[in-house]
Amino acid sequence: MVTNVHHVGIAVKSLSQAYRFWRDTLGLPLSREAVVAEQGVRAALLAAGASEIELLEPLSAESAVGRFLAKRGEGLHHICFKTADVASDLTALRARGVPLIDSEPRQGLAGRIGFLHPKACHGVLVELATPSNGETHAESPVRFKRLVIGSPAPDDAAKTYQDLFGLPEVEVNGGPRTMLGWAGGATLLMVPAGEARGMEGLVALSMVAPELPPLVARLEKAKASLLLGAAELTVEPASSHGVHLHISRYHFP
Ligand code: CMX
(Lines give C-alpha, C1' and ligand atoms only; values in the text may rest on other atoms or scores of the structure.)
Protein backbone atom coordinates (compact mmCIF):
# COMPACT_ATOMS: atom_id res chain seq x y z
CA MET A 1 0.00 0.00 0.00
CA VAL A 2 2.64 2.59 0.97
CA THR A 3 5.88 3.08 -0.97
CA ASN A 4 8.08 5.21 1.29
CA VAL A 5 8.19 7.57 4.25
CA HIS A 6 7.08 10.86 2.71
CA HIS A 7 7.94 12.98 5.77
CA VAL A 8 8.31 13.11 9.51
CA GLY A 9 6.33 15.90 11.22
CA ILE A 10 7.87 17.89 14.08
CA ALA A 11 5.81 20.32 16.20
CA VAL A 12 7.70 23.55 16.90
CA LYS A 13 6.83 26.80 18.63
CA SER A 14 8.30 28.99 15.93
CA LEU A 15 9.10 28.13 12.34
CA SER A 16 11.68 30.89 12.07
CA GLN A 17 13.54 29.60 15.14
CA ALA A 18 13.29 26.02 13.90
CA TYR A 19 14.80 27.02 10.53
CA ARG A 20 17.98 28.01 12.36
CA PHE A 21 18.58 24.42 13.37
CA TRP A 22 16.95 22.23 10.68
CA ARG A 23 17.73 24.37 7.62
CA ASP A 24 20.73 26.50 8.55
CA THR A 25 22.69 24.16 10.85
CA LEU A 26 21.75 20.70 9.54
CA GLY A 27 21.59 22.07 5.99
CA LEU A 28 18.19 20.66 4.94
CA PRO A 29 16.97 22.71 1.95
CA LEU A 30 13.51 24.27 2.25
CA SER A 31 11.15 22.70 -0.30
CA ARG A 32 8.07 24.80 0.49
CA GLU A 33 6.24 26.64 3.26
CA ALA A 34 2.54 27.47 3.53
CA VAL A 35 -0.23 28.31 5.95
CA VAL A 36 -2.74 25.44 6.06
CA ALA A 37 -5.49 27.47 7.73
CA GLU A 38 -7.97 24.58 7.93
CA GLN A 39 -5.39 22.65 10.02
CA GLY A 40 -4.37 25.69 12.10
CA VAL A 41 -0.70 25.42 11.12
CA ARG A 42 2.06 27.14 9.25
CA ALA A 43 3.99 24.20 7.81
CA ALA A 44 7.30 23.79 6.03
CA LEU A 45 8.78 20.81 4.19
CA LEU A 46 12.58 20.45 4.12
CA ALA A 47 14.34 17.92 1.89
CA ALA A 48 16.10 15.07 3.73
CA GLY A 49 17.09 12.58 1.01
CA ALA A 50 14.14 10.67 -0.47
CA SER A 51 11.98 11.79 2.47
CA GLU A 52 11.34 15.17 4.06
CA ILE A 53 11.12 16.80 7.47
CA GLU A 54 7.91 18.79 8.07
CA LEU A 55 8.03 21.57 10.66
CA LEU A 56 4.63 22.55 12.12
CA GLU A 57 4.02 25.85 13.88
CA PRO A 58 0.53 26.29 15.38
CA LEU A 59 -1.51 29.32 14.30
CA SER A 60 -3.21 29.34 17.73
CA ALA A 61 -2.96 27.63 21.12
CA GLU A 62 -6.36 25.99 20.47
CA SER A 63 -5.29 24.26 17.25
CA ALA A 64 -4.36 20.54 17.23
CA VAL A 65 -0.63 21.34 17.14
CA GLY A 66 -1.10 24.10 19.75
CA ARG A 67 -2.70 21.55 22.11
CA PHE A 68 0.09 19.07 21.36
CA LEU A 69 2.74 21.66 22.29
CA ALA A 70 0.93 22.55 25.52
CA LYS A 71 0.72 18.88 26.51
CA ARG A 72 4.03 17.44 25.31
CA GLY A 73 6.25 20.34 24.21
CA GLU A 74 8.17 20.49 20.96
CA GLY A 75 9.06 17.20 19.30
CA LEU A 76 8.18 14.40 16.90
CA HIS A 77 4.50 14.75 15.97
CA HIS A 78 3.58 12.36 13.13
CA ILE A 79 4.84 10.14 10.35
CA CYS A 80 3.56 10.38 6.81
CA PHE A 81 3.69 7.50 4.34
CA LYS A 82 3.64 8.06 0.59
CA THR A 83 0.95 6.18 -1.30
CA ALA A 84 -0.27 6.18 -4.92
CA ASP A 85 -3.95 6.65 -4.04
CA VAL A 86 -4.79 8.06 -0.64
CA ALA A 87 -8.54 8.11 -1.42
CA SER A 88 -8.78 4.38 -2.01
CA ASP A 89 -6.53 3.64 0.97
CA LEU A 90 -8.79 5.67 3.29
CA THR A 91 -11.86 3.90 1.88
CA ALA A 92 -10.25 0.49 2.47
CA LEU A 93 -9.16 1.39 6.01
CA ARG A 94 -12.62 2.76 6.86
CA ALA A 95 -14.23 -0.45 5.55
CA ARG A 96 -12.02 -2.37 8.00
CA GLY A 97 -13.18 -0.21 10.91
CA VAL A 98 -9.79 1.47 11.40
CA PRO A 99 -10.23 4.74 13.37
CA LEU A 100 -9.63 7.65 11.00
CA ILE A 101 -9.48 11.40 11.39
CA ASP A 102 -10.09 11.93 7.69
CA SER A 103 -12.41 9.60 5.83
CA GLU A 104 -11.89 11.65 2.65
CA PRO A 105 -8.58 13.11 1.45
CA ARG A 106 -8.00 16.85 1.63
CA GLN A 107 -5.34 19.21 0.42
CA GLY A 108 -2.26 19.51 2.64
CA LEU A 109 1.30 20.65 2.16
CA ALA A 110 2.35 17.17 1.02
CA GLY A 111 -0.39 16.83 -1.63
CA ARG A 112 -3.69 14.97 -1.08
CA ILE A 113 -3.53 13.77 2.51
CA GLY A 114 -5.50 11.95 5.20
CA PHE A 115 -4.79 11.20 8.88
CA LEU A 116 -5.51 8.03 10.84
CA HIS A 117 -6.32 8.46 14.54
CA PRO A 118 -3.34 7.79 16.86
CA LYS A 119 -5.27 4.95 18.51
CA ALA A 120 -5.11 3.06 15.18
CA CYS A 121 -1.29 2.87 15.29
CA HIS A 122 -0.22 2.29 18.89
CA GLY A 123 -0.30 5.98 19.85
CA VAL A 124 1.43 7.26 16.71
CA LEU A 125 -0.31 9.83 14.50
CA VAL A 126 0.01 8.51 10.92
CA GLU A 127 -0.70 10.48 7.76
CA LEU A 128 -1.02 9.12 4.21
CA ALA A 129 -0.10 11.39 1.29
CA THR A 130 -0.34 11.23 -2.47
CA PRO A 131 2.02 13.97 -3.67
CA SER A 132 1.26 16.13 -6.68
CA ASN A 133 2.80 14.96 -9.95
CA GLY A 134 6.29 16.24 -10.53
CA GLU A 135 7.31 16.56 -6.86
CA THR A 136 11.09 16.85 -6.73
CA HIS A 137 13.60 16.75 -3.90
CA ALA A 138 16.65 18.96 -3.54
CA GLU A 139 19.94 17.29 -2.63
CA SER A 140 20.54 17.39 1.12
CA PRO A 141 23.76 16.68 3.02
CA VAL A 142 21.82 15.03 5.84
CA ARG A 143 19.16 12.43 5.06
CA PHE A 144 16.32 10.74 6.88
CA LYS A 145 17.12 7.15 7.83
CA ARG A 146 14.91 5.79 10.61
CA LEU A 147 12.17 6.55 13.11
CA VAL A 148 12.20 4.75 16.43
CA ILE A 149 8.83 3.84 17.94
CA GLY A 150 8.55 2.83 21.58
CA SER A 151 5.86 0.32 22.50
CA PRO A 152 5.06 -2.01 25.40
CA ALA A 153 4.51 -4.68 22.71
CA PRO A 154 6.88 -3.95 19.77
CA ASP A 155 5.99 -7.15 17.92
CA ASP A 156 2.28 -6.30 18.02
CA ALA A 157 3.02 -2.74 16.90
CA ALA A 158 5.06 -4.05 13.96
CA LYS A 159 2.24 -6.43 12.99
CA THR A 160 -0.23 -3.53 13.00
CA TYR A 161 1.96 -1.44 10.64
CA GLN A 162 2.49 -4.41 8.34
CA ASP A 163 -1.20 -5.19 8.33
CA LEU A 164 -2.48 -1.63 7.78
CA PHE A 165 0.15 -0.34 5.36
CA GLY A 166 1.83 -3.43 3.89
CA LEU A 167 5.18 -2.22 5.23
CA PRO A 168 7.93 -4.69 4.31
CA GLU A 169 9.89 -6.36 7.09
CA VAL A 170 13.58 -5.46 6.93
CA GLU A 171 14.80 -7.65 9.74
CA VAL A 172 13.23 -9.67 12.49
CA ASN A 173 15.84 -11.35 14.61
CA GLY A 174 13.46 -13.15 16.91
CA GLY A 175 14.40 -10.79 19.71
CA PRO A 176 12.66 -7.77 21.11
CA ARG A 177 13.43 -5.45 18.14
CA THR A 178 11.49 -5.29 14.92
CA MET A 179 12.42 -3.30 11.83
CA LEU A 180 10.07 -2.39 8.99
CA GLY A 181 10.63 -0.42 5.81
CA TRP A 182 12.84 -0.59 2.76
CA ALA A 183 16.29 -2.18 2.79
CA GLY A 184 18.86 0.60 2.23
CA GLY A 185 16.10 3.22 2.61
CA ALA A 186 13.67 4.56 5.19
CA THR A 187 12.89 2.29 8.14
CA LEU A 188 10.84 2.15 11.32
CA LEU A 189 12.31 0.42 14.35
CA MET A 190 9.94 -0.77 17.06
CA VAL A 191 11.61 -1.01 20.47
CA PRO A 192 10.30 -1.95 23.91
CA ALA A 193 9.22 1.23 25.70
CA GLY A 194 11.58 0.26 28.53
CA GLU A 195 14.52 0.76 26.14
CA ALA A 196 13.24 4.20 25.16
CA ARG A 197 13.19 5.98 28.51
CA GLY A 198 9.72 4.47 29.08
CA MET A 199 8.36 6.50 26.17
CA GLU A 200 5.68 5.21 23.84
CA GLY A 201 5.04 6.46 20.32
CA LEU A 202 7.65 8.36 18.29
CA VAL A 203 10.78 8.48 20.42
CA ALA A 204 13.80 9.18 18.20
CA LEU A 205 14.89 10.18 14.71
CA SER A 206 17.98 8.78 12.97
CA MET A 207 19.60 10.49 10.03
CA VAL A 208 22.76 9.89 7.98
CA ALA A 209 25.42 12.21 6.54
CA PRO A 210 28.34 11.46 4.21
CA GLU A 211 30.82 13.49 6.25
CA LEU A 212 30.48 14.32 9.93
CA PRO A 213 33.27 16.93 10.52
CA PRO A 214 31.63 19.81 8.58
CA LEU A 215 28.32 19.01 10.29
CA VAL A 216 29.94 18.88 13.72
CA ALA A 217 31.59 22.26 13.02
CA ARG A 218 28.21 23.81 12.16
CA LEU A 219 26.54 22.23 15.22
CA GLU A 220 29.31 23.48 17.51
CA LYS A 221 29.10 26.96 15.99
CA ALA A 222 25.36 26.91 16.74
CA LYS A 223 26.23 25.83 20.32
CA ALA A 224 24.15 22.63 20.05
CA SER A 225 24.53 20.11 22.90
CA LEU A 226 26.20 17.05 21.37
CA LEU A 227 27.43 13.60 22.29
CA LEU A 228 30.20 12.73 19.83
CA GLY A 229 31.20 9.21 18.82
CA ALA A 230 33.76 7.99 16.27
CA ALA A 231 31.32 7.85 13.33
CA GLU A 232 28.11 9.12 14.88
CA LEU A 233 26.70 11.90 16.99
CA THR A 234 23.64 12.54 19.09
CA VAL A 235 22.03 15.95 19.43
CA GLU A 236 20.38 16.56 22.78
CA PRO A 237 16.62 17.26 22.43
CA ALA A 238 17.07 20.71 23.98
CA SER A 239 19.09 21.70 20.90
CA SER A 240 16.84 20.02 18.30
CA HIS A 241 13.31 21.14 19.18
CA GLY A 242 12.57 18.21 21.50
CA VAL A 243 13.76 15.57 19.03
CA HIS A 244 16.15 12.81 20.12
CA LEU A 245 18.32 13.02 17.01
CA HIS A 246 21.03 10.56 16.06
CA ILE A 247 23.22 11.10 12.98
CA SER A 248 25.68 8.54 11.66
CA ARG A 249 28.17 8.51 8.80
CA TYR A 250 27.06 6.86 5.63
CA HIS A 251 28.50 6.79 2.11
CA PHE A 252 25.66 7.57 -0.25
CA PRO A 253 25.76 5.35 -3.34
N1 CMX B 1 0.60 11.93 18.25
C2 CMX B 1 0.06 11.05 19.11
N3 CMX B 1 -1.03 11.31 19.87
C4 CMX B 1 -1.58 12.54 19.75
C5 CMX B 1 -1.07 13.51 18.87
C6 CMX B 1 0.07 13.16 18.10
N7 CMX B 1 0.63 14.01 17.26
N8 CMX B 1 -1.80 14.63 18.96
C9 CMX B 1 -2.74 14.37 19.88
N10 CMX B 1 -2.60 13.12 20.35
C11 CMX B 1 -3.40 12.45 21.36
C12 CMX B 1 -3.64 13.38 22.54
O13 CMX B 1 -2.55 13.31 23.45
C14 CMX B 1 -4.89 12.81 23.12
O15 CMX B 1 -4.56 11.65 23.88
P16 CMX B 1 -5.35 11.25 25.19
O17 CMX B 1 -6.74 10.97 24.73
O18 CMX B 1 -4.64 10.04 25.69
O19 CMX B 1 -5.26 12.44 26.08
C20 CMX B 1 -5.67 12.34 21.90
O21 CMX B 1 -4.71 12.18 20.85
C22 CMX B 1 -6.69 13.36 21.47
O23 CMX B 1 -6.02 14.56 21.13
P24 CMX B 1 -6.75 15.97 21.07
O25 CMX B 1 -5.92 16.94 20.30
O26 CMX B 1 -7.09 16.36 22.46
O27 CMX B 1 -8.13 15.67 20.35
P28 CMX B 1 -8.62 15.56 18.86
O29 CMX B 1 -9.36 14.27 18.75
O30 CMX B 1 -9.35 16.81 18.51
O31 CMX B 1 -7.35 15.54 17.86
C32 CMX B 1 -5.58 14.64 16.57
C33 CMX B 1 -6.49 14.49 17.80
C34 CMX B 1 -4.38 13.74 16.73
C35 CMX B 1 -6.35 14.23 15.37
C36 CMX B 1 -5.19 16.09 16.31
O37 CMX B 1 -4.70 16.59 17.51
C38 CMX B 1 -4.13 16.26 15.22
O39 CMX B 1 -2.98 16.38 15.54
N40 CMX B 1 -4.50 16.30 13.92
C41 CMX B 1 -3.55 16.47 12.83
C42 CMX B 1 -3.16 17.90 12.68
C43 CMX B 1 -1.93 18.08 11.84
O44 CMX B 1 -0.87 17.56 12.10
N45 CMX B 1 -2.01 18.86 10.80
C46 CMX B 1 -0.86 19.16 9.96
C47 CMX B 1 -1.30 19.26 8.54
C48 CMX B 1 -0.18 19.72 7.62
C49 CMX B 1 -0.52 19.34 6.21
O50 CMX B 1 -1.59 19.71 5.75
O51 CMX B 1 0.31 18.64 5.59
Side-chain angles (χ1 to χ4, degrees), residues 2-83 86-87 89-90 100-118 121 124-140 142-144 147 186 201-202 204-205 207 237 240-245:
V2 304
T3 53
N4 203 352
V5 170
H6 184 277
H7 67 259
V8 176
I10 298 172
V12 299
K13 290 180 193 156
S14 152
L15 213 47
S16 58
Q17 276 177 25
Y19 280 155
R20 285 189 212 145
F21 179 77
W22 297 94
R23 182 192 61 190
D24 303 338
T25 303
L26 282 194
L28 308 184
L30 178 63
S31 301
R32 55 195 175 280
E33 177 194 314
V35 169
V36 186
E38 180 213 3
Q39 287 289 300
V41 293
R42 182 186 301 276
L45 282 166
L46 289 80
S51 302
E52 292 177 294
I53 297 294
E54 184 178 59
L55 302 173
L56 299 162
E57 175 194 279
L59 294 179
S60 75
E62 297 73 39
S63 64
V65 175
R67 291 195 304 272
F68 179 94
L69 284 176
K71 196 168 172 181
R72 306 189 192 192
E74 292 186 310
L76 293 167
H77 180 266
H78 69 265
I79 180 167
C80 176
F81 295 118
K82 183 174 169 180
T83 173
V86 60
D89 290 348
L90 291 175
L100 303 178
I101 291 158
D102 300 307
S103 51
E104 303 280 340
R106 55 192 165 76
Q107 194 59 35
L109 194 58
R112 301 293 290 165
I113 64 157
F115 280 94
L116 284 72
H117 196 278
C121 298
V124 174
L125 180 60
V126 174
E127 176 184 0
L128 299 176
T130 301
S132 319
N133 285 337
E135 182 182 75
T136 54
H137 287 258
E139 278 299 310
S140 56
V142 177
R143 300 183 183 186
F144 171 75
L147 257 183
L202 300 174
L205 171 64
M207 302 184 85
S240 43
H241 300 270
V243 177
H244 290 265
L245 175 61

Is the closest side-chain heavy-atom distance between [X] and [Y] below 4.5 Å?
| X | Y | result |
| --- | --- | --- |
| Leu128 | Leu116 | yes |
| Phe81 | Val5 | yes |
| Lys13 | Glu57 | no |
| Phe68 | His78 | no |
| Leu147 | Val8 | yes |
| Thr130 | Pro105 | no |
| Glu52 | Ser31 | yes |
| Pro58 | Leu69 | yes |

Euclidean distance, [Y] [atom2] relative to [X] [atom1], rounded to 0.5 Å:
| X | Y | atom1 | atom2 | result |
| --- | --- | --- | --- | --- |
| Leu202 | Arg72 | CG | CZ | 8.5 Å |
| Leu26 | Ile53 | CG | CD1 | 8.5 Å |
| Leu28 | Met207 | CG | CE | 5.0 Å |
| Asn4 | Cys80 | CG | SG | 10.5 Å |
| Leu76 | Leu125 | CG | CG | 12.0 Å |
| Arg143 | Ser51 | CZ | OG | 10.5 Å |

[X] and [Y]: which non-hydrogen atoms are nearest, and at how many Å?
| X | Y | result |
| --- | --- | --- |
| His7 | Ala110 | CE1-CB, 3.8 Å |
| Ala44 | Leu109 | N-CD2, 3.7 Å |
| Ala43 | Leu56 | CB-CD2, 3.9 Å |

Subject >> Main-chain N/O of Gly66 paired to Ser63 side chain as donor or acceptor, under 3.5 Å >> reply: yes
Original post:
Would Gln107 and Ile113 satisfy side chain to side chain contact (heavy atoms under 4.5 Å, CB included), going step by step from the backbone distance to the final call?
Top reply: CA-CA 6 Å; Gln107 194 59 35; Ile113 64 157; over 6 Å; no
Original post:
Hey, mind stepping through His6 and Glu54 against side-chain hydrogen bond (donor to acceptor under 3.5 Å, both in side chains) and telling me if it holds?
Top reply: CA-CA 10 Å; His6 184 277; Glu54 184 178 59; over 6 Å; no
Subject >> side-chain contact (heavy atoms from CB on, under 4.5 Å) partner of Val12, the single match among His77, Glu74, Arg42 >> reply: Glu74
Under 3.5 Å, which donor-acceptor pairs do the side chains of residues 18-25 form with other protein atoms, sequence neighbours left out?
residue	atom	partner	partner atom	Å
Tyr19	OH	Glu33	OE1	2.5
Thr25	OG1	Arg20	O	2.9

Original post:
What residues form a side-chain hydrogen bond (donor to acceptor under 3.5 Å, both in side chains) with Thr83, not counting sequence neighbours?
Top reply: Asp89
Original post:
Does one side chain, of Gln17 or His241, offer a donor that lies under 3.5 Å from an acceptor on the other?
Top reply: no
